[in-house]
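In what follows, a single structure is set out as structure tokens and then discussed.
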Number of protein chains: 2
Amino acid sequence: MLDTRETIMTLARAIVQAHGYQGLSFRDLAKAVGIKSASIHYHFPTKADLGAALARRYGEDARATLDGFLAETSDPATLLRRYVAVFRRALENDNRMCMCGFMAAEHDDLPEAVKSEVRAFADINVAWLAQVLRLADPAADPTATEKRAFAIFAAIGGAQLAARSRGDIALFDSIVESYCATGLIPA
Amino acid sequence: MLDTRETIMTLARAIVQAHGYQGLSFRDLAKAVGIKSASIHYHFPTKADLGAALARRYGEDARATLDGFLAETSDPATLLRRYVAVFRRALENDNRMCMCGFMAAEHDDLPEAVKSEVRAFADINVAWLAQVLRLADPAADPTATEKRAFAIFAAIGGAQLAARSRGDIALFDSIVESYCATGLIPA
DNA sequence: ACCTGAACACCGTTCAAGT
DNA sequence: ACCTGAACACCGTTCAAGT
């Protein structure tokens with residue numbers, strides 16, 4: 001038996017991962033929750049409040065998941081494989097995509113509070129990737145490592161977007177294989 | 001003095017590159033054109049018709065641009081630099097992005113006729129990139145070359161998305177530099 | 001051939017009213 | 001504390017009516 005507020009957030013996340021922030025309708029969301037659309041506003045006064053809460057929680061969950069990986073192993077290749085698997089899982093879940101990736105496209109129509117959480121999500125990912133890259137090559141230049149981490153983050157997001165547009169998970173795998181083969185993602 | 005239909009398409013393209021297909025409003029578009037929203041429907045009966053026309057034209061224009069590059073040089077490094085510059089130009093234009101990249105995210109809410117044009121746009125890009133990769137390495141396995149072309153297309157789209165989310169063109173340049181340094185994009 | 005105003009069911013938001 | 005119905009200005013779409 002979940003809190004109404006938690007139910008709203010869980011269902012809203014799934015909607016945004018499929019339809020974006022612009023595609024999130026309070027009426028549809030309310031229907032899914034089983035209350036009226038005006039009641040959503042009791043828990044989240046505006047759509048901006050809901051969007052910011054969703055993006056913040058998304059980042060917190062990502063951080064927990066990624067730190068969980070680091071607690072289990074310090075083998076860079078394993079860690080990167082698990083990282084890629086997280087993005088694959090979104091596609092497996094009815095061809096959904098990273099919520100903040102979708103929001104990145106919607107940047108111009110995002111309230112400022114949502115924009116800053118989307119930025120924070122990217123920061124969490126890049127910081128974790130940089131940490132893993134340092135495990136693989138501790139002697140590397142820190143600035144170059146950070147750049148490389150951002151490149152991996154961006155490339156995996158692009159692979160997810162390309163695969164989503166065709167509804168083809170095999171394409172995601174194929175693109176990631178190329179990233180590994182060319183050396184963007186270290187094996 | 002442009003055709004009304006052409007004016008609609010030009011202004012609509014700029015809107016979709018900034019706000020997506022979902023963010024394209026007939027009322028806003030009509031205001032920009034200088035007619036009433038009901039009049040847009042005379043030229044494009046439904047939003048799906050307009051969206052499909054936009055995506056098709058976008059692909060035709062891309063093909064013309066890319067073939068123009070090939071007519072001027074057959075140096076792979078130069079061609080790839082020009083290809084990257086096309087995506088950079090969208091960001092330079094008020095932080096806009098590739099129209100079909102945005103539409104890829106909106107996949108679930110796209111009419112079928114628009115979806116197929118988005119797919120066709122990707123095909124045009126991948127075919128051109130594969131052609132350039134063959135210039136660089138004619139002996140390479142054709143299947144691997146095609147995979148590599150798709151990886152480059154996806155990665156550049158991801159770089160554009162990441163840079164857009166921060167409104168930071170320097171980040172786009174930095175990510176592309178990493179793609180070149182790691183060997184994903186051949187120099 | 002091209003445009004318009006008015007209507008329809010939708011959207012986020014507000015608010016007075018319920019329990 | 002939590003929910004609701006009704007209203008507001010918005011959305012794409014339709015259509016009869018204008019020129």
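To find a chain, count down the sequence lines: A is the first, B the second, and so on, and within it residues start at 1. For clarity, every value in this text was computed on a predicted model and none was experimentally measured.
At least one side-chain nitrogen or oxygen of B:T4 sits closer than 4.0 Å to the OP1 or OP2 atom of C:dC3. Note on A:H41: every side-chain N or O is 4.0 Å or more away from OP1 and OP2 of C:dC15. At C:dC2, none of the side-chain N or O atoms of B:S39 fall inside 4.0 Å of OP1 or OP2 (strictly under the cut-off). The side chain of A:Y42 contributes an N or O atom lying less than 4.0 Å from OP1 or OP2 of D:dC2.
As a whole-Å value, the separation of B:K36 NZ from D:dA17 P is 21 Å. To the nearest angstrom, P of D:dG12 lies 13 Å from CD1 of B:I35. A:K47 has its NZ atom 13 Å from the C1' atom of D:dC10, to the nearest Å.
Looking at residues 108-115 of chain B, you'll see that no heavy atom sits under 4.0 Å from any atom of DNA chain D. DNA chain D is contacted by no residue of residues 9-32 of chain A, taking any non-hydrogen atom closer than 4.0 Å.
Contact record, A:A149 with A:L133: N-CD1, 3.7 Å, taken as the closest heavy-atom pair. The heavy-atom pair separating B:L184 from B:R148 by the smallest distance is O-NE, 3.0 Å.
A salt bridge links B:R96 to B:D94: at least one charged side-chain nitrogen sits closer than 4.0 Å to a carboxylate oxygen.
Note on ring orientation: taking the six-membered ring where Trp is involved, the planes of B:F69 and B:W128 are perpendicular (angle over 60°, cut-offs 30° and 60°). Ring geometry for B:F87 versus B:F153: interplanar angle over 60°, hence perpendicular rather than tilted (30 to 60°).
Taking a pair to require two hydrogen-bonding distances under 3.5 Å in either a Watson-Crick or a G-U wobble arrangement, D:dA9 remains unpaired. With a cut-off of 3.5 Å on both pairing distances, the Watson-Crick or G-U wobble partner of D:dT4 is C:dA16.
Atom CD of B:Q17 sits about 12.0 Å away from atom CG of B:L24, to the nearest 0.5 Å.
The aromatic ring centres of B:F121 and B:Y58 sit less than 6.0 Å apart.
For A:D49, the side-chain hydrogen bond (donor to acceptor under 3.5 Å, both in side chains) partners at least two apart in sequence or on another chain are A:T46.
Between the side chains of B:D109 and A:H19, at least one donor-acceptor pair of N or O atoms lies under 3.5 Å.
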